[in-house]
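In what follows, a single structure is set out as structure tokens and then discussed.
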Amino acid sequence: MRADFYLIDKERFRAQPLLLVCELARKAYAASQPLLVLARDSAQAEALDDLLWSFDPDEYLPHQIAGMDEDDDEAPILIATPDMDVPARPLLLNLRDDPPAGRFERVLEVVPADPAARAPLRARWKHYQALGFEVNKHDM
């Protein structure tokens with residue numbers, strides 16, 4: 001089990017943090033790893049949905065918001081709002097303040113550029129370590 005923390009460092013990610021989420025989603029899709037994105041709320045889920053449509057004009061990243069269609073299980077990139085009860089996938093990208101529940105093999109966390117906003121992430125880092133996860137940090 002592994003937890004990867006991606007620190008927003010590049011200017012384009014500072015200006016629009018969801019671009020980093022799109023980049024991580026593209027990597028998961030390219031590796032044929034179904035991804036579950038745990039959005040903070042409906043507004044964030046919709047913003048991510050819109051951004052995934054326009055993120056790369058040369059490549060379509062198949063995605064959907066959970067509950068919008070019948071075939072949630074088949075979407076390579078599934079975005080879930082807190083009110084949706086969806087089964088965990090082996091690969092999760094957590095945008096919420098609390099660590100995810102359920103069974104998964106790897107979780108991705110996006111660390112804000114603002115040091116003042118990092119307290120919940122420090123707590124999650126310790127939480128994953130306590131669960132025996134291999135924890136890694138990546139500057140993006």
Side-chain angles (χ1 to χ4, degrees):
M1 296 182 303
R2 198 167 127 185
D4 290 292
F5 286 74
Y6 291 86
L7 175 62
I8 292 176
D9 196 32
K10 291 182 182 166
E11 192 55 44
R12 71 186 186 116
F13 296 145
R14 286 175 183 262
Q16 197 169 13
L18 287 180
L19 281 177
L20 177 54
V21 175
C22 291
E23 194 65 54
L24 295 171
R26 175 172 39 199
K27 287 182 179 181
Y29 179 65
S32 299
Q33 292 183 313
L35 174 68
L36 175 61
V37 180
L38 301 175
R40 180 170 282 117
D41 53 35
S42 295
Q44 186 182 55
E46 290 169 17
L48 181 57
D49 178 53
D50 289 345
L51 196 55
L52 281 167
W53 281 107
S54 60
F55 172 65
D56 186 339
D58 298 326
E59 179 182 17
Y60 170 66
L61 297 175
H63 67 281
Q64 67 188 41
I65 297 176
M68 296 294 201
D69 278 313
E70 300 289 318
D71 56 353
D72 283 353
D73 293 345
E74 304 200 8
I77 302 166
L78 185 63
I79 305 164
T81 56
D83 59 333
M84 291 300 300
D85 185 25
V86 296
R89 292 181 171 187
L91 179 60
L92 299 180
L93 196 157
N94 185 34
L95 298 174
R96 299 177 187 166
D97 287 335
D98 295 321
R103 296 191 52 77
F104 53 90
E105 295 167 18
R106 185 172 172 212
V107 62
L108 312 178
E109 296 272 0
V110 175
V111 181
D114 178 8
R118 294 181 184 167
L121 286 133
R122 286 188 189 96
R124 288 201 298 277
W125 179 287
K126 290 177 183 168
H127 171 79
Y128 296 130
Q129 280 183 322
L131 291 175
F133 279 60
E134 173 191 332
V135 182
N136 302 290
K137 178 178 93 72
H138 310 275
D139 292 329
M140 298 299 284

Output a table of donor-acceptor pairs, distance under 3.5 Å, between side-chain atoms of residues 132-140 and any protein atom two or more places apart or on a different chain; print 'none' if there are none.
unit_1, atom_1, unit_2, atom_2, d
Glu134, OE2, Asn136, ND2, 3.3
Asn136, ND2, Asp4, OD1, 3.2
Lys137, NZ, Asp139, OD1, 3.0
His138, NE2, Asp4, OD1, 2.9

Quick test of your reading: applying salt bridge (charged side-chain N to carboxylate O under 4.0 Å, His left out), list the pairs with at least one residue in residues 113-122, sequence neighbours left out, ordered by first then second residue. none

Restricting to salt bridge (Lys or Arg N to Asp or Glu O under 4.0 Å), what partner residues turn up for Glu70, sequence neighbours left out? none

Nearest-0.5 Å distance that lies between atom CG in Leu18 and atom CD in Gln44: 5.5 Å

Applied to residues 27-38, the side-chain hydrogen bond (donor to acceptor under 3.5 Å, both in side chains) test, sequence neighbours excluded, yields none

Determine which pairs satisfy salt bridge (charged side-chain N to carboxylate O under 4.0 Å, His left out) with at least one residue from residues 40-55, sequence neighbours left out, and list them in order. Arg40-Asp97

Any pair with a residue in residues 71-83 that passes salt bridge (charged side-chain N to carboxylate O under 4.0 Å, His left out), sequence neighbours left out, goes on the list, sorted by first then second residue, please. none

For Glu23, is there an ion pair with Lys10 - N to carboxylate O distance below 4.0 angstrom? no

Just jot down the side chain to side chain contact (heavy atoms under 4.5 Å, CB included) partners of Asp98, sequence neighbours excluded, or say none. none

For Arg96, check salt bridge (Lys or Arg N to Asp or Glu O under 4.0 Å) against everything at least two apart and list the hits. none

Holding to side chain to side chain contact (heavy atoms under 4.5 Å, CB included), I want the full list of residues that pass it with Ala123, two or more places apart in sequence or in another chain. none

For the side chain to side chain contact (heavy atoms under 4.5 Å, CB included) test, which of Leu38, Leu108, Val37 pairs with Leu95? Val37

Given the rule that I, L, V, M, F, W and Y join up when any side-chain heavy atoms are under 4.5 Å apart, are Leu91 and Val111 in one cluster? no

According to side chain to side chain donor-acceptor pair (under 3.5 Å), who are the partners of Arg14, at least two apart in sequence or on a separate chain? none

Under 4.5 Å side-chain linkage, directly or through intermediates, the cluster mates of Tyr60: Trp53

The criterion is side chain to side chain contact (heavy atoms under 4.5 Å, CB included); which residues satisfy it with Arg89, sequence neighbours excluded? Pro34, Leu36, Leu78

